[in-house]
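Because the structure is a prediction, the values reported are computed rather than measured. No hydrogens, no waters, no symmetry mates; every other heavy atom, side chains included, goes into these values.
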Amino acid sequence: MELRCRGCAGCCLDWRPLVADAEIGGPDHERRGSYPPLDGTYNLVPLERDEIRAVLDAGLADALTPRLWAAGPDDPHVEVGGHRVAAVAGRPAFFVGLRKPPKPVAPFDRDEASWLPTCVFLDPETLQCRIHEDDLYPAECADYPSHNLALGLESECERVETAFGGERLLSDDVDRDAGERLLLGPQAIGGKVFCHPRPDEIGDAVDRLASEVSSESRRLGRASGEAASGDAAREDRAEFVAVAAASSPGTLAISDHHYEAARERALAASSWVGEAIAEWTRLADAGADADADLAARVEDERGAPPTPGWTAIDDDE
């Protein structure tokens, strides 16, 4: 598989506000099941249990957020808060992904930046991932778009080509090993899809998570819910992250010891990521000019890992 990623980052941000075509901008093109998510985040990247643990150990739990799904009339479910939530054995199902705060980005070689929901680890200036060659880099990102191609789904690369022209997916040869790592169905339980053991205790958290949308999405009417702060509470995220970290692959078992330790680490996380999210959100809500150069002040000066820039990559090639 060969990709042209320079100047794109279409898989790392919500570029739908840049197009008027409702079909191109539809929210469901990469959904791999029948359940719609409760939140309004576009293409949330699911992390595996060991990846979640690694992020916790790195002190970056403030980069993580859970996703739950709405169940249909005949689907396995549990009533949680004001929602009918997809469930396994009476436990709300969820996965954990990377948050997408608003950032000033100019993808697809656009002349001007726009405030768009963007992965916490994407550098708005270079449009490169800050953890690309790090041990924390998610397998889902490393394999993309092999999973889409293996499932016969349109990739974000192809959608960008349709919307903005150019070539992004240069070769569609599927990485066989990546296809085998899909983790779909029952084998995903405890490994990528997790189940909360105490649905009666998380009603308020689920209500807040269901309303979690970015400032940009609210302004553009991209989502139906709206929380007062536009973000779920730190405690809400920590609760689900801890359950995921304490899960056992292939089972519904939760280790109480690992849960308590993970929740404590998640609540204590205070990294450059969390500080940058707060500042990006403040600037976007205040209507600040979208300027990718702000990344130096908002992220770099807080300790964000640098990116190599495209010149360095071109020289290597």
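Atom OG in Ser270 sits 11.0 Å away from atom CG in Leu60 (nearest 0.5 Å). Summarising the geometry, atom CZ belonging to Arg53 is positioned 8.5 Å from atom CZ belonging to Arg265; distances are rounded to the nearest 0.5 Å. In this structure, CD in Glu140 is found 8.0 Å from CZ in Phe95, a value given to the nearest 0.5 Å. For the atom pair CG of Leu122 and SG of Cys129, the computed distance is 7.0 Å after rounding to the nearest 0.5 Å. To the nearest 0.5 Å, atom CZ of residue Phe164 and atom CZ of residue Phe108 are 4.5 Å apart. Put simply, NZ on Lys192 and CG on Leu47 are 9.0 Å apart, with the number rounded to the nearest 0.5 Å.
Ionic pairing of Asp62 and Arg237 is not present here: no N-O contact between side-chain nitrogen and carboxylate oxygen is shorter than 4.0 angstrom. A salt bridge links Arg130 with Asp300: the distance from a Lys NZ or Arg NE/NH1/NH2 to an Asp or Glu carboxylate oxygen falls below 4.0 Å. A salt bridge does not link Arg263 to Glu260: none of the charged nitrogens lies less than 4.0 Å from a carboxylate oxygen.
When atom types are taken as modelled, the side chain of Glu264 and the backbone of Ala261 share no donor-acceptor pair closer than 3.5 angstrom. The closest donor-acceptor contact from the side chain of Lys100 to the backbone of Tyr42 lies under 3.5 Å. Using a distance-only test at 3.5 Å, with no hydrogens or angles considered, a donor-acceptor pair links the side chain of Arg67 to the main chain of Thr41. Using modelled atom types, no side-chain atom of Asp14 and backbone atom of Leu116 make a donor-acceptor pair closer than 3.5 Å. When atom types are taken as modelled, the side chain of Trp115 and the backbone of Ala288 share a donor-acceptor pair closer than 3.5 angstrom. Checked by atom type and distance alone, the side chain of Arg159 never pairs as donor or acceptor with a backbone atom of Gly10 at under 3.5 Å. Side-chain N or O atoms of Arg302 include none that pairs as donor or acceptor with a backbone N or O of Ala296 at under 3.5 Å. Proximity of a side-chain donor or acceptor of Tyr144 to a complementary backbone N or O of Glu156 within less than 3.5 Å is detected. The backbone N or O of Asp236 lies less than 3.5 Å from no partner atom in the side chain of Arg208, so there is not a single donor-acceptor pair. Listed for the Arg84 side chain is a donor-acceptor partner under 3.5 Å among the backbone atoms of Pro73.
Scanning both residues, Pro76 and Tyr35, for their nearest heavy atoms gives CD-OH, 3.6 Å. In terms of heavy atoms, Cys195 sits closest to Val88 at SG-CB, 3.7 Å. The two residues Ala269 and Gly59 have their closest heavy-atom pair at CB-O, 3.9 Å. A pairwise comparison of heavy atoms in Cys8 and Leu127 identifies O-CD1, 4.2 Å as the closest pair. Ala266 and Ala61 make their closest contact through CA-CB, 3.6 Å (heavy atoms, listed as atom of the first residue, atom of the second, distance). Taking both residues in full, the closest heavy atoms of Glu167 and Leu170 are given as CB-CD2, 3.8 Å, listed atom of the first, atom of the second, then distance.
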* Can Val298 and Leu283 be said to form a side-chain contact (heavy atoms from CB on, under 4.5 Å), step by step? -> CA-CA 10 Å; Val298 175; Leu283 290 169; 4.0 Å; yes
* Going through the distances and angles, do Val55 and Leu98 end up as a side-chain contact (heavy atoms from CB on, under 4.5 Å)? -> CA-CA 10 Å; Val55 172; Leu98 300 177; 5.5 Å; no
* Start with the C-alpha distance between Glu279 and Arg297, add both sets of side-chain angles, then the distance that settles salt bridge (Lys or Arg N to Asp or Glu O under 4.0 Å), and finish with yes or no. => CA-CA 10 Å; Glu279 181 64 2; Arg297 174 170 65 83; 3.3 Å; yes
* Asked: Does the pair His196 and Glu201 meet the rule for a side-chain hydrogen bond (donor to acceptor under 3.5 Å, both in side chains), with working shown?
  -> CA-CA 10 Å; His196 200 288; Glu201 298 179 11; over 6 Å; no
* To do: Go through Arg4 and Glu161 one step at a time and tell me if the salt bridge (Lys or Arg N to Asp or Glu O under 4.0 Å) criterion holds.
  => CA-CA 11 Å; Arg4 180 177 287 120; Glu161 291 174 349; over 6 Å; no
* Could you check Val105 against Ser114 for side-chain contact (heavy atoms from CB on, under 4.5 Å), going step by step and ending with a plain yes or no? => CA-CA 5 Å; Val105 289; Ser114 302; 5.9 Å; no
* Give the C-alpha distance, both sets of side-chain angles, the deciding distance and a yes or no for side-chain contact (heavy atoms from CB on, under 4.5 Å) between Leu38 and Leu209. => CA-CA 7 Å; Leu38 292 183; Leu209 289 164; over 6 Å; no
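Neither Ile202 nor Leu267 shares a network with the other; the hydrophobic side chains, linked directly or stepwise wherever heavy atoms of I, L, V, M, F, W or Y lie under 4.5 Å apart, form separate groups for each.
The side-chain heavy atoms of Pro107 and Leu18, taken from C-beta on, include a pair separated by under 4.5 Å. Considering only heavy atoms from C-beta on, Pro37 stays 4.5 Å or farther from Leu68 through its side chain. By the 4.5 Å heavy-atom criterion applied to side chains, Arg168 and Leu3 are not counted as neighbours. No side-chain heavy atom of Val206 sits less than 4.5 Å from a side-chain heavy atom of Pro92. Put simply, the side chain of Glu154 does not reach to within 4.5 Å of the side chain of Asn148, judged on heavy atoms. A heavy-atom distance below 4.5 Å is found between the side chains of Leu169 and Ser155. In this structure the side chain of Pro102 reaches within 4.5 angstrom of the side chain of Thr281, judged on heavy atoms. Proximity of Glu125 to Glu299: side-chain heavy atoms (C-beta onward) are nowhere separated by under 4.5 Å.
Scored by the ring-ring contact (aromatic ring centres under 6.0 Å, His included) test, Phe194 finds Phe94 as partners (sequence neighbours excluded).
Residue pairs meeting the ring pair (Phe, Tyr, Trp, His ring centres under 6.0 Å) criterion with at least one partner in residues 243-265, sequence neighbours excluded, do not occur; the list is empty.
Within 6.0 Å of CD on Glu79 lie more than 12 heavy atoms contributed by other residues, nucleotides or ligands.
Ring pair Phe121/Trp272 is perpendicular by interplanar angle, where above 60° counts as perpendicular and below 30° as parallel.
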